[in-house]
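For clarity, every value in this text was computed on a predicted model and none was experimentally measured.
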Amino acid sequence: MLRERFGDIAVAPLVARSWQRCVEEYGIESGGPRRTPVLDHASLLERQQRFGELLNVARAEMENLYEQIAGSGYAVILCDAEAAILGAITDPTLRREFREAGLRSGAIWSERYEGTNGMGTCVIERSPVTVYRQEHFLYSNTGLSCSGAPVLDTQGDVLAVLDASTVNAADTRLIQRHTMALVAMSANLISRCHFLAECRDKWIMRFHSRPEFVGLLHEALLAVDDGGVVRAVNESALAQLGMARDQLVGRALDTVFPFDFRVLEERAHADATTLWPVRDVAYGRRFFAMVRPPAMGGAIRPGDNAASRRYVGEDARMQHNMNCGRQLFGRRVPLLLQGATGTGKEALAKALHLASAWADKPFVAVNCAAIPETLIESELFGYTRGAFTDASRDGHLGKIRQSSGGTLFLDEIGDMPLRMQTRLLRVLEEHEVMPLGGERAIPVDLHVISATHQDLQKMVQAGEFREDLYYRLNGITLQLPALRERTDKRALIDAILAEESQGQARIRLCPEALALLLNYAWPGNIRQLRNTLRTAAALCSDTIILPGNLPQEIVGHGGGEASVPAMEPEPPLRTAERAALLRELEHSQWNISRTASSLGISRNTLYRKLHKHGIDPPG
């Protein structure tokens, strides 16, 4: 049978092994009907809950990956270790085709049911795999092309699979290899974020044979406990050291590198951002290393402090942004922050600055939309004495020179006039600025973060934004979630109230007011939340904010996508029950099993109560 299907065509060994399993282990008929099991909603939700914060990290990376392959007919899919699809991002016009092909949330694409395929075969092979058209075992799947890459946990086991699939494969194998490379990179990034988060209480030695790779995606990671024993390593560390996992995990650090834990600790506290050369014990090969000490919040590394954590919050997507952004920003890669007005773009930029090696240098913010077009040139580039009428007698440095050595934050970059875009591009390319009226260019040391709520790609296509500047600013795009999508709304509310209570008695929220705030859509995002709480704190009595202290659009639930029509007030007992459910869900990070346990009820009872109160999980 295998000979009939393969003929003399050469296929990858992992595809051949999969076909062998389909025949000998599963007894699948290649021409048989599709028999894909599909999880019910409750079972799917429970599997999603198992991933906790990692699911949000994965979703953020799925969005980044989809942006790179959008318009090519692909869906970006995440499945668990049993090949059950947890979620997907695809072109809305192709959703029916993907659903008809069986690629839908809850569908289980293990080899046992679907034969050779990108997700199920990747789970078994534990390595990236592309299954192209006729390489699928089932005839019903031969129109597909699937590229799956494993997301590994700290012990090297498959935690999930990230996959890019198309239902009408017309690409060449060369394009398939490009897609596979993008998928593997994104899966590796998710694995790396998971490793750093899971080992946040360990000392992380980060190293690579090439110094420019330390702190980036392919760096080797080695987690060490307080006793100097290696507790976890990533795949890159195994490849760099040429050792198996069981040869490293459980061994003392000084049997791998010729120094003990004390040296690691000293390096972390003395200068965590400086690379130092090390050699391994086995072969004396040279690596370059740096150390991240434990208990640093899982998102912010060297340069971390309370202020930067406060700016970012506890939402997994924001911590993912912080983690990825800090690593790249430290290598002078320009960052583009994309998000609606009020989502905290400047706050994230400040956090990235505070977590950088130049945190003690200036953070200079420029709102390109707020400066009149006639003044933006002098504000950015500065001017010399007597450059124009009414110019200051002493001249003006300009924002770019003020930020030299520190961070230049260009907010609402999409509103910068085209003429200024040309001048800015020259500054970024040449690292020097020519003040108005000046005769010589002045060198500048730039670290640039830009931000916008607009679609710069569409602006480029419309000729409203320079394409070369767009690619110069967009080393990577970090997408900020709207407040209604964030999982840390309760923590944000507490942090803002703590700020408003400085020097006074702590301001608190009654349960009903808290429930209203958590259930509101927040079209103005964090900025609206801050203003709302500031006003409510000023109006409340006895340091307790009541529903009557909140704006009518919040009390009446008339404010956005999560709103419901204003109706008769709900009975106090019902309101209190809803508030209690929301509190426990937020406290348990929307883990259904943990929430049910803390409330002393079954999961089925909890689901009924969620349905009763119209409570849906975030995201």
From CA spacing to verdict: side-chain contact (heavy atoms from CB on, under 4.5 Å), C324, C193: CA-CA 8 Å; C324 299; C193 289; 4.3 Å; yes
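- In this structure, the side chain of R126 engages the main chain of G156 through a donor-acceptor pair within 3.5 Å.
- Considering only heavy atoms from C-beta on, R251 comes within 4.5 Å of M243 through its side chain.
- M62 and G87 make their closest contact through CE-O, 3.8 Å (heavy atoms, listed as atom of the first residue, atom of the second, distance).
- I476 pairs by the side chain to side chain contact (heavy atoms under 4.5 Å, CB included) definition with L328, L335, L478, not counting sequence neighbours.
- How far OG1 of T179 is from OH of Y74: 4.0 Å, rounded to the nearest 0.5 Å.
- Under the 3.5 Å distance criterion, the side-chain polar atoms of S191 are matched with a main-chain donor or acceptor of A187.
- Inter-residue side-chain proximity for L196 and R192 is flagged as met; some heavy-atom pair is nearer than 4.5 Å.
- Interatomic distance, CD1 of I190 versus CG of L162, reported as 5.0 Å (0.5 Å rounding).
- L78 is listed as a side-chain neighbour of L55, based on a closest heavy-atom distance under 4.5 Å.
- Rounding to the nearest 0.5 Å gives a distance of 9.5 Å between CD of Q338 and NE2 of H453.
- Remark: the backbone N or O of R47 is not paired with any side-chain donor or acceptor of R50 at under 3.5 angstrom.
- Taking 4.5 Å as the limit, every side-chain heavy atom of C122 sits out of range of all side-chain heavy atoms of C146.
- For T93 and D91, the side-chain atoms include at least one donor-acceptor pair closer than 3.5 Å.
- Between the CZ atom of R331 and the CZ atom of R326 there is a distance of 9.0 Å, given to the nearest 0.5 Å.
- The shortest side-chain heavy-atom distance between T154 and C199 falls under the 4.5 Å cut-off.
- Side-chain N or O atoms of D254 include none that pairs as donor or acceptor with a backbone N or O of F261 at under 3.5 Å.
- From H320, atom NE2 reaches atom CG of L54 across 10.5 Å, with rounding to the nearest 0.5 Å.
- Within the 4.5 Å cutoff, no side-chain heavy atoms of E46 are placed close to those of L39.
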Test log, rule side-chain contact (heavy atoms from CB on, under 4.5 Å), inputs V167 and L144: CA-CA 5 Å; V167 294; L144 304 176; 3.9 Å; yes
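- For the residue pair T116 and E135, no side-chain donor N or O sits within less than 3.5 Å of a side-chain acceptor on the partner.
- A donor atom on one side chain and an acceptor atom on the other are not found under 3.5 Å apart for E82 and S110.
- In terms of heavy atoms, F287 sits closest to S209 at CD2-N, 3.7 Å.
- Listed for the D280 side chain is a donor-acceptor partner under 3.5 Å among the backbone atoms of R285.
- Annotation for M322 and A355: closest pair CE-CB, 3.5 Å, computed over non-hydrogen atoms.
- Between E125 and R21 there is a salt bridge, with a side-chain nitrogen of the basic residue lying less than 4.0 Å from a carboxylate oxygen of the acidic one.
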Verdict with reasoning, M119 to L103, per side-chain contact (heavy atoms from CB on, under 4.5 Å): CA-CA 11 Å; M119 290 173 282; L103 295 168; 3.6 Å; yes
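- A salt bridge is absent between R210 and E219: the closest approach of a Lys/Arg side-chain nitrogen to an acidic carboxylate oxygen does not fall below 4.0 angstrom.
- Taking the side chain as every heavy atom from C-beta outward, V158 and V151 never approach each other to under 4.5 Å.
- Tested against V256 for a side chain to side chain contact (heavy atoms under 4.5 Å, CB included), the candidates L241, V233, V281 yield a single pass: L241.
- The closest donor-acceptor contact from the side chain of N474 to the backbone of T477 lies under 3.5 Å.
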Stepwise side-chain contact (heavy atoms from CB on, under 4.5 Å) test for M185 and L189: CA-CA 6 Å; M185 186 180 300; L189 193 148; 5.9 Å; no
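- At least one side-chain heavy atom of Y470 sits under 4.5 Å from a side-chain heavy atom of L336.
- Heavy atoms from other residues, nucleotides or ligands lying under 6.0 Å from CD of Q155 number more than 12.
- Heavy atoms only, all atoms of each residue included: H194 and D153 are closest at CD2-CA, 3.7 Å.
- Although no hydrogens or angles enter the test, the distance criterion places a donor-acceptor pair under 3.5 Å between the side chain of T142 and the main chain of Y139.
- Summarising the local packing, OH of Y471 is surrounded by 12 or fewer heavy atoms from other residues, nucleotides or ligands at distances under 6.0 Å.
- For K202 against A223, the heavy-atom pair with the smallest separation is CB-CB, 4.0 Å.
- When all heavy atoms of T343 and A482 are compared, the closest pair comes out as CG2-CA, 4.0 Å.
- If you check the side chains of Q327 and N323, you find a donor sitting under 3.5 Å from an acceptor.
- Here the OH-CD1 distance, from Y66 to I89, works out to 8.5 Å after rounding to the nearest 0.5 Å.
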